[in-house]
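Written out below as structure tokens is the structure these notes cover.
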Amino acid sequence: MPQSLAKVLLHLVFSTKHRQPFLESASVRPALNAYVVGILANLDCPSLIANCVQDHIHVLFRLSRTVSIAAVVEEVKKSSSAWLKTQDVGLRNFYWQSGYAAFSVSQSSVSQVTRYIAGQEEHHRRLSFQEELRLLFRKHEVEFDERYVWD
């Protein structure tokens, strides 16, 4: 085959450092979501949805065949963190956590994952970020050690 083709969909999740509620102000969230979508577009990783809540973000995107997951996450975190720090004096000490979680998504599950990400505000009235991430790890059969998941 002379052409390289791929469609790898990823559900990316990461938190603010120590799960600080830096994004508590709902006014910054739509702009942050849009900024993350723009970063991904520049990396040739089109986003299907990005949605943050007070202490973390979920993104569903198509991974470019020419870039690694780690490189995408590094650029998204670095660029969005630098941008956020310019948006409000209360965000000057903003940082994302050092780690992340990325889960593969089949095309048949895109609408379900999109609804899940869109419903984060309601979802977190019942569940903490840590509880949510533990459930995602179990659902995707990701082995993890509690000592190294939270920073």
Side-chain angles (χ1 to χ4, degrees), residues 6-26 28-33 35-40 42-43 45 47-110 112-151:
K7 185 170 187 182
V8 178
L9 300 169
L10 293 176
H11 176 186
L12 174 65
V13 184
F14 54 89
S15 171
T16 59
K17 189 161 184 77
H18 303 296
R19 284 146 318 281
Q20 292 293 314
F22 277 108
L23 308 172
E24 204 163 32
S25 169
V28 74
R29 292 182 199 169
L32 174 58
N33 294 335
Y35 197 80
V36 167
V37 167
I39 295 166
L40 289 165
N42 288 338
L43 295 170
C45 293
S47 173
L48 286 74
I49 185 171
N51 191 19
C52 60
V53 291
Q54 66 183 8
D55 63 354
H56 68 282
I57 188 166
H58 289 255
V59 186
L60 177 60
F61 69 97
R62 183 181 56 79
L63 183 65
S64 169
R65 62 181 185 74
T66 62
V67 65
S68 71
I69 298 169
V72 169
V73 175
E74 179 181 8
E75 185 60 30
V76 167
K77 285 180 166 184
K78 179 182 69 171
S79 296
S80 64
S81 179
W83 175 81
L84 265 172
K85 290 176 182 184
T86 68
Q87 299 306 298
D88 186 282
V89 74
L91 294 171
R92 284 189 188 152
N93 294 318
F94 178 86
Y95 292 95
W96 292 115
Q97 73 176 120
S98 58
Y100 64 90
F103 307 101
S104 61
V105 175
S106 67
Q107 183 62 48
S108 62
S109 297
V110 166
Q112 178 185 1
V113 174
T114 300
R115 282 191 307 275
Y116 176 81
I117 292 172
Q120 283 296 295
E121 197 71 42
E122 174 64 29
H123 182 71
H124 285 291
R125 290 189 181 116
R126 301 180 313 271
L127 211 59
S128 72
F129 170 70
Q130 293 95 324
E131 292 166 326
E132 173 187 44
L133 201 55
R134 286 182 193 108
L135 287 172
L136 286 168
F137 287 153
R138 287 184 194 107
K139 177 181 177 182
H140 291 276
E141 299 181 8
V142 174
E143 292 183 24
F144 65 101
D145 185 330
E146 289 276 347
R147 295 175 297 174
Y148 305 111
V149 174
W150 320 115
D151 62 355

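Heavy-atom basis, side chains included; hydrogens, waters and symmetry copies ignored.
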Gap separating the [atom1] atom of [X] from the [atom2] atom of [Y], nearest 0.5 angstrom:
X	Y	atom1	atom2	result
Leu10	Ser104	CG	OG	7.5 Å
Lys77	Ser81	NZ	OG	10.0 Å
Trp83	Phe94	CH2	CZ	10.0 Å
Leu23	Leu32	CG	CG	6.0 Å
Lys17	Phe22	NZ	CZ	10.5 Å
Leu63	Thr66	CG	OG1	8.5 Å

Pairing of Glu121 and Arg125 as salt bridge, 4.0 angstrom limit: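 A salt bridge is absent here (no side-chain N lies under 4.0 Å from a carboxylate O).
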
salt_bridge(Glu146, Arg134) N-O dist < 4.0 Å: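 Looking at Glu146 and Arg134, the cut-off is met.
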
Give me the atom names and distance for the closest heavy-atom approach of [X] to [Y].
X	Y	value
Leu91	Lys85	O-CG, 3.3 Å
Ser64	Cys45	N-SG, 3.3 Å
Ala50	Ser47	N-OG, 4.0 Å

Verdict with reasoning, Phe14 to Val76, per side-chain contact (heavy atoms from CB on, under 4.5 Å): CA-CA 11 Å; Phe14 54 89; Val76 167; 3.9 Å; yes

Could you tell me if the side chain of [Y] sits less than 4.5 Å from the side chain of [X], heavy atoms only?
X	Y	value
Val53	Phe129	no
Asp88	Val28	no
Gln120	Tyr116	yes
Val149	Phe137	yes
Leu127	Leu135	yes
Asn33	Cys52	yes

Aromatic ring proximity His140/His11, centre distance under 6.0 Å: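 No.
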
His58 and His124 aromatic ring geometry - parallel, tilted or perpendicular at 30°/60° bounds: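 Plane angle between 30° and 60°, so tilted.
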
Working for side-chain contact (heavy atoms from CB on, under 4.5 Å), residues Leu43 and Phe61: CA-CA 11 Å; Leu43 295 170; Phe61 69 97; over 6 Å; no

[X] side chain to [Y] backbone, donor-acceptor under 3.5 Å:
X	Y	value
Ser109	Gln112	no
Lys7	Arg62	no
Asn51	Gly119	no

Side chain to side chain donor-acceptor pair (under 3.5 Å) between Gln20 and Thr16, worked out: CA-CA 6 Å; Gln20 292 293 314; Thr16 59; over 6 Å; no

Please report, to 0.1 Å, the donor-acceptor pairs under 3.5 Å made by any side chain of residues 95-102, with sequence neighbours excluded.
unit_1: Trp96; atom_1: NE1; unit_2: Ser80; atom_2: OG; d: 2.9
unit_1: Gln97; atom_1: OE1; unit_2: Ser15; atom_2: N; d: 2.6
unit_1: Ser98; atom_1: OG; unit_2: Asp151; atom_2: OD2; d: 3.3

side-chain contact (heavy atoms from CB on, under 4.5 Å) partners of Gln54, counting only residues at least two apart: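 Gln54: side-chain contact (heavy atoms from CB on, under 4.5 Å) contacts with Pro21, Glu24, Arg29.
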
Qualifying residues under salt bridge (charged side-chain N to carboxylate O under 4.0 Å, His left out), relative to Arg92, sequence neighbours excluded: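 Testing Arg92 for salt bridge (charged side-chain N to carboxylate O under 4.0 Å, His left out), a comparison that skips the adjacent residues, returns none.
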
